[in-house]
Each structure stands twice: as C-alpha cells, then as structure tokens.
Amino acid sequence: MLAASGGVVRRKRFDRLFVVLGMLVLIAALAVLLALFTDLVRQGAARLNPDFLTSFASRRPAQAGILAAWVGTSLIMLVTACVAVPVGVAAAIHLEEYAPKNWLTAIIEINVTNLAGVPSIIYGLLALGLFVYEFGLGQSILAAGLTLALLILPIVIVATREALRAVPRTIREAAYALGATRWEVTAHHVLPYSMGGVLTGMIIGLSRAIGETAPIITIGALSFIAFLPTPPFTGEFPFLSFAWLGDPFTAMPIQMFNWVSRPDPAFRVNAAAAGAILLGMTLLMNGLAIWLRHRLRKTFQW
Amino acid sequence: MKWTPILTIAAVLASSLATAPAATAAGETIKLDGSSTVFPISEAVAEEFQIARRGKVRVTVGISGTGGGFKKFCRGEIDIADASRPISRSEMAACAGAGVRYIELPVAYDALTVAVNPKNTWVDTLTLAELKKMWEPAAQGKVATWRDVNPKWPAQPLRLFGPGADSGTFDYFTEATVGKAKSSRGDFTASEDDNVLVQGVGSDVNALAYFGYAYYAPNAAKLKAVRIVNSKGAAVAPSPQGVLDGSYEPLSRPIFIYVNAASAQRPEVKAFVEFYLGEGAPLIEEVKYVPLARRAYELALRNFRTGKVGTAFGGVTEVGLDVEAMLEREGKL
C-alpha cells in the first residue's frame with residue numbers, strides 16, 4: 001500500500017515535470033519567433049508607413065515600396081487557393097470515401113505523402129518546363145499560382161483526409177440507413193463537419209506557399225516592376241477581366257531578396273520592413289483560419 | 001450547394017486559361033533581363049522612363065545573370081539583355097540558330113575594386129603581378145599568407161573573397177590579372193551576393209576581395225580600396241575620375257545592353273533605348289557607376305539608329321578596351 005502510494009507520488013512528480021518541460025519548449029519556440037519579428041520591426045520601423053505599401057520599387061531606398069510585391073503575392077495566393085483547394089479536397093474525398101482499398105490506392109497514398117516532402121525547387125523546374133513553355137503560359141501570375149498550387153496540393157490532401165477521417169463513423173451509417181447515396185452522405189454531412197480541418201490544411205498550405213522563393217524565381221519572377229496587373233474589374237460587360245492572370249509579376253520574398261543584395265545598405269531597412277509585413281500577412285491568414293474554424297465548430301456539435 | 005461559388009471560380013479560371021497569355025502579348029511591355037551588375041542602371045532608367053511616359057509603357061527588369069539573360073534573349077523571350085561582359089561564342093551561336101539579331105550597346109563603365117580591411121596597415125597599393133600571384137590557379141594551397149605574396153608583408157593568413165564562377169565580374173578579373181578568363185584558384189570564399197564579400201572584408205583584417213565599385217562606394221567607411229598600378233606605372237585608386245581619364249586600368253570595364261533588332265522596330269522599345277543612351281548618364285552616376293564619354297553615347301545612338309547588328313568582340317572578353325573604337329568596329333553575328 002505504502003509502496004504503491006510512493007509510486008503515485010513519483011509518477012505525479014514526473015507528470016508535473018513534463019508540464020514544465022513542455023512549457024519551456026513552447027516558450028523557447030515562441031521566443032525565437034517573437035525575437036525575429038521584433039528585430040524585423042525594429043530594423044524596418046523607419047519604413048513601416050502607408051507610403052511603403054502604396055509605392056513601387058525604386059532606386060532610391062527612401063522612396064521604394066512594396067506595392068507591386070504585395071499585390072503580386074496576393075494575386076498568386078488567390079490563384080493558388082482557387083486551384084489547390086478544390087482539387088485537393090476532391091482528391092481527398094475520393095481517396096477517403098470512394099477509392100477501393102487496393103494496391104493502386106495504396107501507391108497513390110504513399111506518393112501523395114512523399115510529394116509533400118519534395119524540395120520546392122523541383123516544383124519550380126517542373127513548372128518551368130510544363131506551364132511556362134509547354135502550355136505557353138509564360139512568366140505570368142497564372143503560372144506562378146499553378147506552381148505553388150502543385151506545391152501545396154499534397155499538404156491540402158493529407159490535411160483534408162485527416163479531417164474526413166475524424167468524422168464519426170456513426171454519422172455516415174445513420175445517413176446511409178436513411179437511404180442517402182454516397183455523394184449525399186459526403187456533401188451533406190461528412191464534408192461540412194470536417195470543414196474546420198479542411199480550412200486548417202488550406203491555411204497551412206498557403207502559409208508555406210506565401211514565403212516560397214525558389215520556385216517562383218525559377219519560373220521568372222521579376223525584380224523590378226513599377227506597374228500593377230490589369231485590374232480584374234472593368235467598366236464594360238462582362239465587368240470581370242482575367243487579363244491579370246497573364247501579367248508579369250513580382251512577389252514579397254523576391255523583393256526582399258533583391259533589397260538584401262543591393263549595394264546601398266539603406267535598402268536593408270526596406271528588406272526588414274518587407275519581412276515584417278510578410279510575417280504579418282502570414283499571421284493574418286492564420287488568424288483568419290482560426291477564427292473560421294472556431295465559428296464552424298460552434299455550428300456543428302455532436 | 002455550398003460548393004457552387006468555388007466551383008464557379010474554378011470554372012472561370014479554367015476558361016480564362018486560354019485567353020490570358022494572348023492578353024499580355026498585346027500590351028506594350030518592354031522586357032529586360034540579365035546581369036545583376038547592370039540591374040541598378042536598367043532599373044533607374046526604367047523607373048524614370050515610365051514616369052516620363054506617365055505609365056503608358058510597361059518596363060520589367062529581371063535578374064538572371066549575364067548568362068541567364070542571354071539564354072532568354074536568344075530564345076526571343078526578352079527585348080533587351082543586360083550584360084556585364086560581351087556576348088560569348090556559344091551565345092552568338094544560340095542567337096544565330098534562333099534567328100535573333102542584336103544591337104550591342106555599351107552603357108557605362110564599372111570599376112572593379114580590390115578592397116582590404118581598413119585595419120590592414122601593410123597594403124595600399126598592389127601591382128598586377130601581385131594580384132596574379134594571389135589569384136592564379138598555381139597559388140592554390142601554396143600562397144597562404146601575405147608574406148608568400150610579398151616578403152615585406154606579415155606572415156598572416158591571406159583570406160580571399162570573390163564572386164562565383166558564373167559572374168561576369170569573375171571572368172573579367174581573371175582575364176585582367178591572371179591573363180585567362182575563368183582561370184583562378186579555387187580555395188577562396190566565393191559568393192554571388194557581393195554584400196557577403198563586403199562583410200567578409202569588413203570583419204577580417206587579413207581579407208582581400210574584389211567586386212564592383214557600386215558595392216564599394218556606399219560601404220567606403222568599412223573598407224579600404226587598394227590602388228592598382230597601371231600599365232604606365234602609376235598607382236591609381238578606383239574612382240569615376242580615374243575610369244573616365246583611362247588611368248584606372250586594367251580593372252575598369254564597360255557594361256552593355258543587347259537590344260533585339262526586331263524589338264528595336266517597336267516604337268516604345270526605340271524610345272526606351274534612346275532614353276537610356278540619351279538621358280541615362282545622371283542616373284548612372286546616381287547608382288555609382290561611371291557614364292561613358294558624351295562622344296561614346298553619340299556613337300552608340302548612331303549605331304542603334306542605323307541598326308548596326310552584331311558584336312564587336314567576336315565572342316571574347318577584352319581587357320583595356322577603348323569604347324569609342326569598339327563602336328566603330330565591324331559587327332559580327
């Protein structure tokens with residue numbers, strides 16, 4: 001009896017020790033991010049103003065801004081999300097709900113998981129051959145968006161499958177019992193319930209894509225652009241224009257890279273400011289995902 | 001039902017795939033790409049040109065390196081190639097194979113600067129023979145201290161920094177000092193990012209590096225520029241003045257743009273190149289390069305207007321070049 005309670009005390013002490021250890025690791029990880037972020041903000045403070053967001057790149061560091069870069073990054077992310085999410089979610093649904101459990105499915109599953117680990121430059125080279133030359137898309141926003149969509153597709157698929165798998169089996173069985181088809185079960189029940197997980201996957205994917213430099217350099221992101229893509233809204237019918245998809249582009253990481261390698265040290269202030277804003281964009285995206293997930297969780301309760 | 005908007009967007013995106021590339025070809029976009037050395041100049045000219053044209057003409061400038069720029073240029077993907085060295089033989093062949101004819105135009109000088117740490121008390125001046133002793137392939141593993149170069153100098157380790165082998169700067173420096181382009185010792189710290197070289201020399205008293213004058217000028221407080229003994233025996237420090245009067249040799253070199261002759265027929269490209277040659281000089285000074293003499297710009301403009309195609313170099317880099325004489329030479333394609 002006494003020995004057993006001694007064991008309990010020891011085990012509880014270990015439990016508390018682990019809590020402390022876990023907290024320390026967490027704090028260390030967050031402190032690094034925070035230190036990096038504060039350092040960028042401190043270095044870039046002089047340039048963190050509205051003008052910086054509304055000016056184009058320039059040879060004069062004090063006038064140079066990131067207008068073309070953040071618009072480019074946003075449009076590329078839009079294309080990426082519009083392509084990767086429908087395709088990724090559809091693929092995940094097929095693999096999880098429809099595909100027969102045989103060797104072909106197994107091979108596809110292994111490959112999807114492996115693709116998530118392929119270095120991004122490989123996607124860049126693939127895209128250069130396929131999108132830029134073979135499909136004739138040129139060095140355009142569309143080509144960049146499709147490239148990054150390929151890059152994050154495995155992430156979206158894996159995350160969506162996890163989310164689908166988390167939906168209790170009983171829900172599916174109840175729906176089938178009422179005569180629903182497989183599509184009805186998926187579209188009316190499984191997918192809405194797993195929306196939180198799907199969104200998380202999409203945001204993790206986009207957060208990776210937003211900072212990618214190697215693949216978009218490969219397909220021809222430019223270093224100096226002082227104009228915006230063709231506006232997507234026009235005065236005449238049909239009011240929507242997709243000419244911007246074919247426009248040349250630059251992106252936030254490219255602009256930062258260019259500024260860091262410039263001779264004039266004053267450009268490094270701009271690079272730090274652009275870095276802080278890029279981090280801010282990522283945090284904003286993640287925040288949006290958390291908020292959406294939170295709302296969806298309230299809607300569905302089992 | 002929930003998926004309708006997303007599916008619609010996907011469908012519209014898919015349908016616009018076919019129309020998008022056609023839309024860009026119609027726009028008035030002038031495309032430049034190539035050397036990172038020429039980039040600051042092309043960027044400044046592009047910026048001012050677009051302001052002067054009130055944004056009616058779009059100009060894009062990329063950085064792919066001189067070699068990467070010529071690859072795109074000879075495939076006809078860009079209108080103008082930025083180059084920190086003349087077009088090479090294999091690039092001439094590639095352009096000829098694709099039927100791309102070009103006009104070669106020098107736009108400015110760059111003074112390659114040899115720099116040491118400001119705390120380095122023993123080196124103020126270097127001769128070409130000393131530079132060769134440091135950098136030639138035979139020096140690898142043998143010339144390891146400053147004393148190995150000159151017995152008067154201390155027996156401290158010699159730490160060398162230089163640009164990577166893909167750089168036009170590397171080609172020119174090795175040609176000018178060792179006597180053969182791309183012929184260099186391999187055991188030095190190479191970086192394509194010149195700021196790494198600047199930092200390397202700025203933080204190490206035993207270091208020596210070479211890079212473009214544009215990287216020296218803003219960092220002059222952290223570095224000491226070495227005077228180079230020219231062919232007349234005078235030790236000259238790198239400066240715009242020394243480049244213009246020809247006394248800073250052989251480490252000053254012209255840098256170029258190559259204009260696709262077919263693109264040059266387009267009015268906006270013609271206007272851009274004329275702006276580059278006619279009004280580029282103050283911009284070139286602003287980004288710390290040295291403008292050519294007025295006469296050289298006039299000759300270049302004449303060559304451009306008469307459509308004189310081909311290169312004056314025949315595919316090899318030359319040291320100690322007279323730009324005006326070069327502009328008068330016969331062009332080879």
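Just so we're on the same page: letters track the sequence lines, and every chain starts at 1. Note that this is a predicted model, so its numbers are computed, not measured.
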Answer with side chain, backbone, both or neither: which region of B:Leu283 has an atom nearer than 4.5 Å to a non-hydrogen atom of chain A? side chain
Please classify the contact between A:Thr230 and chain B as side chain, backbone, both or neither, with a heavy-atom cut-off of under 4.5 Å. both
Counting only heavy atoms not in B:Lys72 (residues, nucleotides, ligands), do more than 12 fall under 6.0 Å from its NZ? yes
Side chain, backbone, both or neither: which part of B:Lys31 has a heavy atom under 4.5 Å from chain A? neither
Looking at CD of B:Glu43 and CG of A:Asn258, how far apart are the two atoms once the value is rounded to the nearest 0.5 Å? 6.5 Å
What option among B:Gly55, B:Ser36, B:Ala214, B:Ser42 has the most heavy-atom pairs under 4.5 Å with chain A? B:Ala214
4.5 Å side-chain heavy-atom contact, B:Arg58 and A:Asp247: yes
Please state whether the side chain, the backbone, both or neither of B:Val59 comes within less than 4.5 Å of a heavy atom of chain A. backbone
For a 4.5 angstrom cut-off between non-hydrogen side-chain atoms, does B:Tyr215 reach A:Arg262? no
Taking side chain as C-beta onward, heavy atoms only, is A:Phe224 less than 4.5 Å from B:Glu47? yes
As an exercise, state the distance from CZ of A:Arg59 to CD of B:Glu48, rounded to the nearest 0.5 Å. 4.0 Å
Reported OG-to-CG distance for the pair A:Ser223 and B:Leu32, which is rounded to 0.5 angstrom: 11.5 Å
Counting only heavy atoms from other residues, nucleotides and ligands, does the tally under 6.0 Å from CZ of A:Phe257 exceed 12? no
Below 4.5 Å from any heavy atom of chain B, which atoms of A:Tyr133 appear? Answer side chain, backbone, both or neither. side chain
From the list A:Ser58, A:Pro265, A:Ala226, the residue making the most non-hydrogen contacts under 4.5 Å with chain B is A:Ser58
Checking B:Asp194 against chain A: side chain, backbone, both or neither under 4.5 Å from a heavy atom? neither
Side chain, backbone, both or neither: which part of B:Phe39 has a heavy atom under 4.5 Å from chain A? side chain
In Å and rounded to the nearest 0.5 Å, what is the CG to OG1 distance from A:Leu222 to B:Thr60? 4.5 Å
Does A:Arg293 have more than 12 heavy atoms from other residues, nucleotides or ligands lying within 6.0 Å of its CZ? yes
Would A:Asp264 and B:Lys288 pass as an ion pair if we require N to O under 4.0 Å? no
dist B:Asn195:CG -> A:Ser261:OG (nearest 0.5 Å) comes out at 7.0 Å
B:Glu286 versus chain A, the contacting section by heavy-atom distance below 4.5 Å: side chain
